[in-house]
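Order of listing sets the numbers, starting from 1, for every ligand and every atom in it.
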Amino acid sequence: MSQIFTGDEAWKSKTVYQIYPRSFSDNNGDGIGDIPGITSRLDYLQDLGIGLIWLSPIYKSPMDDNGYDISGYQEIAAEFGTIDDFDQLLSEARKRDIGLILDLVVNHTSDEHPWFVDARRSRDSEYRDFYIWRDASENHGLPNGHSSVFGGPAWTYEAATGQYYFHEFSHRQPDLNWANPKVRAEIYKMMNWWLDRGIAGFRMDVIDLIGKDVDQEIIPDGPNLHDYLQEMHRETFGDRKDVLTVGETWSATPQTALLYSGRDRHELSMVFQFEHVTQGWDKLYGKWRPKPFDLVALKSVLSKWQYALAQDGWNSLFWGNHDLPRAVSQYGDAKGFRTESAKMLATALHFLKGTPFVYQGEEIGMTNAPFHTINQYKDIETLNMYRLHLEAGLSSEDFIAGANRNGRDNARTPMQWSAAPNGGFTTGTPWIESNPNFSEINAEVSVSDDTSIWNYYRRLIGLRKELPVMVHGVYRAFLDGHDKIFAYSRTLGSERICVMANFTAHSVSVDVPDNLQTHGRSLIANYEPVDTIGREITLRPYEAFAVLASSENRGDNPPAS
Ligand code: GLC
Ligand code: CA
């Protein structure tokens with residue numbers, strides 16, 4: 001069994017931790033998290049057991065979108081530190097057996113990137129074709145009606161050269177023209193420069209947009225997408241077996257996920273799909289007017305992805321990231337059962353097949369930002385949408401209610417390290433307000449308490465390294481129509497894990513299907529240990545557990561695989 005953890009699959013038993021550098025740890029007291037701050041927290045991450053860090057962008061940037069607008073791909077943002085600080089982080093991480101995954105933001109650059117500065121100067125610029133320019137349409141209007149994700153048209157007019165340029169995000173994030181082979185060559189060169197420095201992979205920002213056809217308004221999943229990814233694989237990380245790549249793909253379906261991550265496709269290790277996190281969004285108004293939580297719908301999405309990528313491809317597993325609300329606020333009960341529900345969510349997710357991603361602060365059960373006025377928000381998307389929704393007639397209170405649920409700043413309040421002012425994130429004034437609950441919810445308290453959420457995550461992350469069945473076992477769901485309980489098993493050879501999780505604040509009694517009944521060893525539980533799942537069982541509020549069946553008592557035959 002042990003050979004399955006070597007070679008190009010070594011990352012499969014690892015857990016990834018996402019750091020949003022601006023909000024993680026401020027070392028020099030300017031209120032902004034920085035790279036030396038991250039280095040100073042490596043022991044904490046090593047103790048948690050994570051094998052890889054995904055760093056949100058650390059590059060030179062005017063920070064219009066907090067670094068997702070890059071003006072120098074091979075430079076470090078001054079407020080985050082220097083390239084020496086980066087090398088220091090890399091080598092200190094390596095000493096602890098932790099790899100660094102960088103954020104690759106190549107759908108667009110900042111408008112301050114030297115390529116764009118030159119391109120916008122003249123139609124004859126050698127960088128003009130690095131971006132996407134179109135003439136005004138016949139009646140001197142926009143080239144077409146495509147809107148930007150952050151609100152308003154996706155086209156901005158440049159008077160100096162009399163053309164519009166395309167930007168899927170803010171007008172300060174012009175899209176690169178991937179159809180230009182020179183652009184692709186520059187990007188691959190830059191990627192190799194980072195790989196040669198010793199990084200462990202890339203998280204690829206909105207990578208499903210690079211194959212776009214703006215004239216046909218096919219932006220995600222465009223006609224050239226997979227050709228470019230295969231070329232990128234060939235030209236950059238393809239021969240480096242230990243490199244992990246994960247594409248951010250809001251458009252992904254199980255079918256396209258197999259194209260990205262299928263074993264013979266030579267593209268990516270896996271993608272982030274968003275079906276499970278967006279099923280609670282309103283069809284028309286999206287995340288700003290969320291719908292009530294529906295566990296049956298959530299489970300059907302999770303199971304669909306587990307089944308679809310059972311034989312080929314690979315899933316990423318996550319509840320949150322820097323664009324999403326805090327997991328415990330969104331899917332648990334941050335007020336009445338914060339500890340129980342945070343552990344329940346971790347249980348439900350970490351036993352699935354795929355690579356778990358933990359977003360900073362999730363491991364201590366951090367909660368959404370309790371902001372009540374628009375001035376407290378810093379996120380460009382939230383601020384733009386506030387203006388547009390108010391123009392469209394929504395009240396400020398209603399918008400803030402939506403932002404409190406789903407706004408991106410929920411995940412961007414400073415990491416809570418201790419009960420010190422601002423949760424020990426900074427000795428200065430943080431760039432965004434700290435959540436005042438830091439005196440109660442913080443890493444110091446959580447690390448020292450054996451029953452804490454943090455110690456629960458540490459155990460889950462450790463189990464994945466120990467148990468091949470947790471990495472490779474075949475998934476099977478039970479009780480699909482049950483609106484309170486999520487239940488599944490994982491099976492590998494003679495090993496089998498049964499998982500049950502109550503997603504409600506009430507006790508729930510269930511008749512257990514034959515094939516889920518088990519007797520064995522308690523792997524983890526958020527109340528008392530559970531070693532038997534009988535014909536009937538009652539789960540207390542947000543109770544969750546996993547039982548490893550002893551091989552002579554497996555309760556069923558393995559599903560055909
Ligand atoms: C991705 C990032 C998000 C960013 C956007 C544009 O969705 O996760 O934070 O604003 O791309 O780069
Ligand atoms: Ca700082």
Using a strict 4.0 Å cut-off to heavy atoms of Arg408, name the atoms of ligand 1 that fall inside it. 3 (C), 4 (C), 9 (O), 10 (O)
Measure from the Ca ion (ligand 2) to every N/O/S atom of Asp34 and report the name of the nearest one. OD2
Between Phe272 and ligand 1, find which residue part has any heavy-atom pair under 4.0 Å and reply side chain, backbone, both or neither. neither
Determine whether the side chain, the backbone, both or neither of Glu168 has a heavy atom under 4.0 Å from any heavy atom of ligand 1. neither
Does the distance from a Lys or Arg side-chain N to an Asp or Glu carboxylate O, for Asp205 and Arg203, drop under 4.0 Å? yes
Under 4.0 Å from one or more heavy atoms of Phe150, ligand 1 contributes atoms 10 (O)
For Asp398, side-chain hydrogen bond (donor to acceptor under 3.5 Å, both in side chains) partners two or more places apart: Ser395
What do you get for the angle at the Ca ion (ligand 2) between OD1 on Asp30 and O on Ile32, to the nearest 10 degrees? 90°
Protein contact to atom 4 (C) of ligand 1 [nearest heavy atom, distance to 0.1 Å]: Asp65 OD2, 3.3 Å
Per-atom contacts of ligand 1 with His108, taking only distances under 4.0 Å to non-hydrogen atoms: 6 (C), 12 (O)
Taking the six-membered ring for Trp and the full ring for Phe, Tyr or His, determine whether the centres of Tyr377 and Tyr386 are under 6.0 Å apart. no
Lys60 NZ: over 12 foreign heavy atoms closer than 6.0 Å: no
Output, in order, the C-alpha distance, side-chain angles, deciding distance and verdict of salt bridge (Lys or Arg N to Asp or Glu O under 4.0 Å) for Asp47 and Arg96. CA-CA 10 Å; Asp47 292 346; Arg96 294 165 177 82; over 6 Å; no
Would you indicate which of Asn66, Asp205, Val206 comes nearest to atom 2 (C) of ligand 1 when only heavy atoms are counted? Asp205
What is the ring orientation for His113 with Tyr73, classed by angle as parallel under 30°, tilted 30 to 60°, or perpendicular over 60°? tilted
Asn27 backbone or side-chain N/O/S under 3.0 Å from the Ca ion (ligand 2): no
Any heavy atom of Arg203 closer to ligand 1 than 4.0 angstrom? yes
Carefully, step by step, assess Asn107 and Phe169 under the rule side chain to side chain contact (heavy atoms under 4.5 Å, CB included). CA-CA 10 Å; Asn107 172 68; Phe169 296 90; 4.1 Å; yes
Should the pair Asp282-Lys291 be classified as a salt bridge under the 4.0 Å nitrogen-to-oxygen rule? no
With under 30° as parallel and over 60° as perpendicular, where do the rings of Phe293 and Tyr331 fit, or are they tilted in between? perpendicular
Tell me the protein heavy atom at minimum distance from atom 7 (O) of ligand 1, and give that distance in Å. Glu248 OE2, 2.8 Å
Classify the contact between Glu381 and ligand 1 as side chain, backbone, both or neither, using a heavy-atom distance cut-off of under 4.0 Å. neither
What protein heavy atom sits nearest atom 5 (C) of ligand 1, and how far away is it? Phe169 CE2, 3.9 Å
Counting from 1, what ligand 1 atoms have a heavy atom of His322 closer than 4.0 Å? 2 (C), 3 (C), 8 (O), 9 (O)
Suppose we only allow N, O or S atoms; which atom of Asp26 ends up nearest to the Ca ion (ligand 2)? OD1
Shortest protein heavy-atom distance from atom 8 (O) of ligand 1, along with the residue and atom involved: Asp323 OD2, 2.5 Å
Does Asp34 have any side-chain hydrogen bond (donor to acceptor under 3.5 Å, both in side chains) partners at least two apart in sequence or in another chain, and if so, which? none
Report the relative orientation of the aromatic rings in Phe237 and His233; use parallel for angles under 30°, tilted for 30 to 60°, perpendicular for over 60°. perpendicular
